[in-house]
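Working notes, beginning with the structure itself.
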Amino acid sequence: MMTIAEMAASCRWPDREAERASRARWDSIAKPLHGLGLLEDAVVRICAVTGDPDCPLRPRGVAVFCADNGVVAQGVTQTGQEVTAIVAENMTRGETSVCKMAAQAGAEVFPVDMGMATRPGCPGLLDRRQGDGTADFTLGPAMSRAQAEACLWAGYRLARELAEKGYRLLAAGEMGIGNTTTSSAVASVLLREEPEGLTGRGAGLTGEGLRRKVAAIRRGIACNRPDPADPVEVLAKVGGFDIAAMAGFYLGASAAGVPVVLDGFISAVAALSACRLAPAAGAGMIASHCSGEPGARRVLDALGLAPVMTAGFCLGEGTGAVALLPLLDMAAAVYREMSTFGDIAVEAYRPLV
């Protein structure tokens with residue numbers, strides 16, 4: 001297993017020559033400058049992180065990290081932990097939202113068991129278990145530091161394995177009852193902000209349920225006192241197996257020179273954790289959308305990312321990331337195939353000063 005320092009050091013900064021070539025190609029196309037807005041920026045980012053100005057987008061895969069969270073004992077969710085395993089098993093049969101969307105978008109889904117409370121025992125589920133769910137972080141650390149490091153390594157290794165198999169675009173999703181609580185806790189610590197402004201209703205809480213959720217996060221942070229300067233400690237004390245694995249996945253994708261599309265709030269919190277470990281990892285990230293969770297915009301701002309879509313998504317599983325893929329295909333078709341100003345003998349647009 002690589003150390004955290006080795007994983008972080010392996011992350012790549014973008015290829016500036018490929019970035020310049022991609023931007024020059026966009027500016028030469030016979031249309032208004034930056035007419036496709038953030039989609040143009042996404043294509044440039046893909047070219048820069050891959051070092052390939054042709055913008056490779058296929059094949060693409062979505063890793064969905066499934067795990068349970070002990071903090072559900074504090075009444076912070078509408079459903080029980082058994083739902084995590086049920087959805088994970090359905091995912092192996094292609095019967096969940098992300099599977100149906102991925103089939104349309106030409107992406108392969110890889111469900112991963114990072115540590116659910118029950119074991120579905122079905123084929124098609126990658127076993128990277130670190131335990132039968134995390135502990136209740138209001139009573140002590142959610143996991144040991146060794147477990148957090150193992151989760152990071154599992155995610156990192158999976159991204160590298162997919163890259164070695166030829167995947168050129170990756171995304172990560174999650175499934176785990178209680179993980180908007182853990183992600184809000186991690187965001188609160190990393191951003192050094194009060195949990196009230198970052199915590200939402202998740203999959204559907206009443207006002208009283210939301211108050212319990214905020215109170216549980218406050219107790220967890222007070223009990224564990226995680227150091228904001230140590231992302232691994234934050235993940236271990238108030239995070240989850242899924243968030244830590246996603247963070248590692250983003251590090252591994254960066255090391256392999258493969259761009260990643262972020263999903264919603266939980267995904268963005270994992271991305272923030274990865275970038276606090278290795279700032280270079282952010283170079284290959286594309287924000288698909290901004291979740292309805294209150295802290296989503298704050299986390300994306302901290303990452304310096306603008307969401308491409310405004311769609312009110314709050315489903316998880318990687319569905320928002322997958323929804324962006326057809327738009328990227330359309331943008332890439334314009335980028336690769338459209339005539340230039342020179343081709344049609346029209347004077348090129350010039351940037352306004």
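Numbers here simply count residues along the sequence, with the first being 1. This is a predicted model, so every value here is computed, not measured.
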Can you give the donor-acceptor pairs under 3.5 Å from side chains of residues 236-243 to other protein atoms, not counting sequence neighbours?
{"unit_1": "Lys237", "atom_1": "NZ", "unit_2": "Asn224", "atom_2": "O", "d": "2.9"}
{"unit_1": "Lys237", "atom_1": "NZ", "unit_2": "Glu233", "atom_2": "OE2", "d": "3.4"}
{"unit_1": "Asp242", "atom_1": "OD2", "unit_2": "Asn179", "atom_2": "ND2", "d": "3.0"}

Practice problem: Could you tell me whether Glu89 and Arg93 make a salt bridge, using a distance below 4.0 angstrom between a side-chain N and a carboxylate O? | Solution: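 A salt bridge is present here (some side-chain N lies under 4.0 Å from a carboxylate O).
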
Run the side-chain donor-acceptor check on residues 313-327: report pairs under 3.5 Å with partners two or more places apart or on a different chain.
{"unit_1": "Glu317", "atom_1": "OE1", "unit_2": "Thr96", "atom_2": "OG1", "d": "3.1"}
{"unit_1": "Glu317", "atom_1": "OE1", "unit_2": "Val98", "atom_2": "N", "d": "3.1"}
{"unit_1": "Thr319", "atom_1": "OG1", "unit_2": "Gly316", "atom_2": "O", "d": "2.8"}

Exercise. Keeping to residues at least two apart or across chains, list the salt bridge (charged side-chain N to carboxylate O under 4.0 Å, His left out) pairs with something in residues 282-301.
Key: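 Qualifying pairs: Glu193-Arg298.
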
Report, one line per pair, each donor and acceptor closer than 3.5 Å where one atom sits in a side chain of residues 48-76; sequence neighbours left out.
{"unit_1": "Thr50", "atom_1": "OG1", "unit_2": "Ile46", "atom_2": "O", "d": "2.8"}
{"unit_1": "Thr50", "atom_1": "OG1", "unit_2": "Cys47", "atom_2": "O", "d": "3.3"}
{"unit_1": "Thr50", "atom_1": "OG1", "unit_2": "Asp52", "atom_2": "N", "d": "3.2"}
{"unit_1": "Asp52", "atom_1": "OD1", "unit_2": "Asp54", "atom_2": "N", "d": "2.9"}
{"unit_1": "Arg58", "atom_1": "NH2", "unit_2": "Asp329", "atom_2": "OD2", "d": "3.1"}
{"unit_1": "Arg60", "atom_1": "NE", "unit_2": "Ala105", "atom_2": "O", "d": "3.2"}
{"unit_1": "Arg60", "atom_1": "NE", "unit_2": "Gly106", "atom_2": "O", "d": "3.4"}
{"unit_1": "Arg60", "atom_1": "NH1", "unit_2": "Leu57", "atom_2": "O", "d": "3.3"}
{"unit_1": "Arg60", "atom_1": "NH1", "unit_2": "Asp329", "atom_2": "OD1", "d": "3.1"}
{"unit_1": "Arg60", "atom_1": "NH2", "unit_2": "Ala105", "atom_2": "O", "d": "2.7"}
{"unit_1": "Arg60", "atom_1": "NH2", "unit_2": "Asp329", "atom_2": "OD1", "d": "3.4"}
{"unit_1": "Arg60", "atom_1": "NH2", "unit_2": "Asp329", "atom_2": "OD2", "d": "2.7"}
{"unit_1": "Asp68", "atom_1": "OD1", "unit_2": "Thr84", "atom_2": "OG1", "d": "2.7"}
{"unit_1": "Asp68", "atom_1": "OD2", "unit_2": "Ala117", "atom_2": "N", "d": "2.7"}
{"unit_1": "Asn69", "atom_1": "ND2", "unit_2": "Ile177", "atom_2": "O", "d": "3.1"}
{"unit_1": "Gln74", "atom_1": "OE1", "unit_2": "Arg219", "atom_2": "NH2", "d": "2.8"}
{"unit_1": "Gln74", "atom_1": "NE2", "unit_2": "Asp136", "atom_2": "OD2", "d": "2.7"}
{"unit_1": "Gln74", "atom_1": "NE2", "unit_2": "Thr138", "atom_2": "OG1", "d": "3.4"}

Quiz prompt | Value rounded to 0.5 Å, distance of CG in Leu235 from CE in Met143 | solution =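 Atom-to-atom, Leu235:CG and Met143:CE are 6.5 Å apart.
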
Quiz prompt | Atom pair CD (Glu174) and OG1 (Thr180), whose distance is rounded to the nearest 0.5 Å | solution =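 Separation between the atoms: 9.0 Å.
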
Quiz item: What about Leu191 and Phe137, same hydrophobic cluster or not, with Ile/Leu/Val/Met/Phe/Trp/Tyr joined at side-chain heavy-atom distances under 4.5 Å?
Solution: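 As far as the 4.5 Å side-chain criterion goes, Phe137 and Leu191 are connected within one cluster.
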
Quiz item: Are Met246 and Leu305 connected, step by step, through hydrophobic side chains (Ile, Leu, Val, Met, Phe, Trp, Tyr) whose heavy atoms are closer than 4.5 Å?
Solution: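 Yes: a chain of side-chain contacts under 4.5 Å links Met246 to Leu305.
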
Practice problem: Return the set of residues passing ring pair (Phe, Tyr, Trp, His ring centres under 6.0 Å) with Tyr250 (not counting sequence neighbours), or none when no residue passes. | Solution: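 In terms of ring pair (Phe, Tyr, Trp, His ring centres under 6.0 Å), with neighbours along the sequence ignored, Tyr250 is linked to no residue.
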
Quiz item: What is the ring orientation for Tyr167 with Phe110, classed by angle as parallel under 30°, tilted 30 to 60°, or perpendicular over 60°?
Solution: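 Correct class here is perpendicular.
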
Using atom types as modelled, flag every donor-acceptor pair under 3.5 Å from a side chain in residues 152-164 to any protein atom, sequence neighbours excluded.
{"unit_1": "Tyr156", "atom_1": "OH", "unit_2": "Ser10", "atom_2": "OG", "d": "2.7"}
{"unit_1": "Tyr156", "atom_1": "OH", "unit_2": "Arg160", "atom_2": "NH1", "d": "3.0"}

